[in-house]
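Note sheet for the following structure.
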Amino acid sequence: GENVEQHPSTLSVQEGDSAVIKCTYSDSASNYFPWYKQELGKRPQLIIDIRSNVGEKKDQRIAVTLNKTAKHFSLHITETQPEDSAVYFCAASIKAAGNKLTFGGGTRVLVKP
Amino acid sequence: DTGVSQDPRHKITKRGQNVTFRCDPISEHNRLYWYRQTLGQGPEFLTYFQNEAQLEKSRLLSDRFSAERPKGSFSTLEIQRTEQGDSAMYLCASSLGSGVVFGPGTRLTVL
């Protein structure tokens, strides 16, 4: 089955700096890659996603890139703010197989004011 | 409320007891998923339904676990003879296309 690895496990950045989180996946059939943000005690919330026919997608301060050949994808957060502090999870799925998500282990991001 | 809802939000039970959780998905979503999340880990897939049909079950779902979605709307997850290792957050999610929306979860503590 699919295996998703995520790095780093923790990331501390100064407010205003950029944060980058990287994930790799194992199943070349995976074609949908969402990112979730989870604050303490809250549900995971979808913040951005990318499909395998797209190499990059941007939404305000958040961008995701995908390298299908290397089977890795990354989340970029620019101009970080204290409210970006949370745990971020990447995931991979095969849309035609029920879109069952396999998650990475998570990255705890701390933005220091 | 147009989001995914779950009930109860918290459940404390003694080892060996049975528990049942309910999930109400977003009404137009045809897929419903159950995940389990332990502290410091990402959610792990348990099972999913398309309408009322249960299409896949993870090997994590032992025979003590059963899930139903009888009319293709709400779903229940039952755990029989609970064990301390069952303590976790049980997340329900739903989707229509690609965007999977999670509920707030039911936190289970088995004493």
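Here is how names work: the chains are called A, B, and so on, in the same order as the sequence lines, proteins then strands, and each is numbered from 1.
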- Message: Heavy-atom count check: over 12 atoms from other residues, nucleotides or ligands less than 6.0 Å from Leu40(A) CG?
- Response: no

- Under 4.5 Å heavy-atom distance to chain A, tell me which part of Leu55(B) shows up: side chain, backbone, both or neither. neither

- Ignoring hydrogens and geometry, is there a side-chain-to-backbone donor-acceptor pair from Tyr48(B) to Asn99(A) under 3.5 Å? no

- Query: Minimum heavy-atom separation for Gln37(B) to Phe89(A), with atom names?
  - Reply: NE2-CZ, 3.6 Å

- Message: Would you say that more than 12 heavy atoms from the other residues, nucleotides or ligands in this model lie under 6.0 Å from the CD of Gln80(B), or not?
- Response: yes

- Message: So for Arg51(A), is it side chain, backbone, both, or neither that comes closer than 4.5 Å to the heavy atoms of chain B?
- Response: side chain

- Note on the structure: Taken to the nearest 0.5 Å, the spacing of Tyr33(B) OH from Ser93(A) OG works out to 7.5 Å

- Message: For Gln45(A), which atoms come within 4.5 Å of any heavy atom of chain B: side chain, backbone, both, or neither?
- Response: neither

- Count the heavy-atom pairs under 4.5 Å between each of Gly105(A), Gly1(A), Ala91(A), Pro44(A) and chain B, then report the option with the highest count. Pro44(A)

- Item | Under 3.5 Å: donor-acceptor pair, side chain of Tyr36(A), backbone of Phe102(B) | no

- Query: Mind checking whether Leu101(A) and Tyr35(B) have side chains closer than 4.5 Å, heavy atoms only?
  - Reply: yes

- If you count the non-hydrogen atoms of other residues, nucleotides and ligands that lie under 6.0 Å from CZ in Arg61(A), is the total more than 12? yes

- If every non-hydrogen atom of Lys100(A) is compared with every non-hydrogen atom of Glu56(B), which pair is closest and at what distance? NZ-OE2, 2.8 Å

- If you group Ile, Leu, Val, Met, Phe, Trp and Tyr by side-chain heavy-atom gaps below 4.5 Å, do Leu46(B) and Phe21(B) land in one group? yes

- Would you find more than 12 non-hydrogen atoms of other residues, nucleotides or ligands less than 6.0 Å from Ile12(B) atom CD1? no

- Message: More than 12 heavy atoms of other residues, nucleotides or ligands under 6.0 Å from CD of Gln60(A): yes or no?
- Response: no

- Item | Joint cluster assignment, Leu60(B) & Leu108(B), ILVMFWY side-chain distance < 4.5 Å | yes

